[in-house]
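Below you'll find the structure, written out as structure tokens, and then a few comments.
Residues: numbered from 1 along the sequence shown. Note that the coordinates shown come from a computational prediction; the quantities given were computed from them, not determined experimentally. Just so it is clear, the values below take in all heavy atoms, side chains as well, and ignore hydrogens, waters and symmetry mates.
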Amino acid sequence: MKDYVKSLKTSVGSMIDKPSEIKTVVAQMQKFRGSIEGGICVRRIEDFVSETERRYFVVYGKPFAALPDEEIPEIVSECAKRIRSQFFSVDVIERRDGTKRIVEIGDGQVSDIVGWTAERFTQLWVGDS
């Protein structure tokens, strides 16, 4: 479970097995963060291959990968077409069956440019990408 902004990363956490635990998670969210942002989301747990997670950035509707010649997954290109924001990040991971899933879309204020060099990230802004 999470609200529209983020998962609960303290106390009981946000992964639950039984609907009866929902009240506890919501109470903890309110305790540690003060309020619920937008509403509650329930996510399905899938069998991801953790080492396949990649971060992409979208600048003015164009998606970019950490390497200039890296293929952009179709799911990221579709995201770039649909979301009307000048800049955002898209984190993608593969399930064990090979299906690519978006695990997070952010406003670009990420804590790290995972897999990216500072030089490559800078290229997105100077038009040499």
For R101, what residues pass the side chain to side chain donor-acceptor pair (under 3.5 Å) criterion, not counting sequence neighbours? E46
Which distance, rounded to the nearest 0.5 Å, do you find between the CD1 of I93 and the CD of E51? 8.5 Å
Output for pair (T117 OG1, L67 CG), nearest 0.5 Å, gives 8.5 Å
Roughly how far, to the nearest 0.5 Å, is CZ of F64 from CD of Q123? 9.5 Å
Short question: side chain of T99, backbone of R95 - any donor-acceptor pair under 3.5 Å? no
Stepwise side chain to side chain contact (heavy atoms under 4.5 Å, CB included) test for V114 and E53: CA-CA 9 Å; V114 180; E53 187 169 354; over 6 Å; no
How long is the gap from CD on Q28 to NZ on K23, to the nearest 0.5 Å? 14.0 Å
Sidechain-backbone polar pair: S89 side chain, F57 backbone, donor-acceptor under 3.5 Å: no
Considering all heavy atoms, the nearest A66-R120 contact: O-CG, 3.1 Å
Taking CZ in R82 as the centre, count heavy atoms belonging to other residues, nucleotides or ligands within less than 6.0 Å. Is the count above 12? no
Main-chain N/O of G61 paired to R84 side chain as donor or acceptor, under 3.5 Å: no
Quick one, Y60 and F87 - any side-chain contact, counting heavy atoms below 4.5 Å? no
Atom pair CZ/NZ of F48 and K100 - distance to nearest 0.5 Å: 12.0 Å
Those residues at least two apart in sequence (or on a different chain) that pass salt bridge (Lys or Arg N to Asp or Glu O under 4.0 Å) with K18 are E21
Show your reasoning for whether salt bridge (charged side-chain N to carboxylate O under 4.0 Å, His left out) applies to R55 and D91. CA-CA 4 Å; R55 176 162 290 156; D91 293 351; 2.8 Å; yes
Connected-component partners of V58 among ILVMFWY, side-chain separation under 4.5 Å: Y56, I72, I75, V76, I83, F88, V90, V92, I102, I105
Taken to the nearest 0.5 Å, the spacing of S77 OG from K62 NZ works out to 11.0 Å
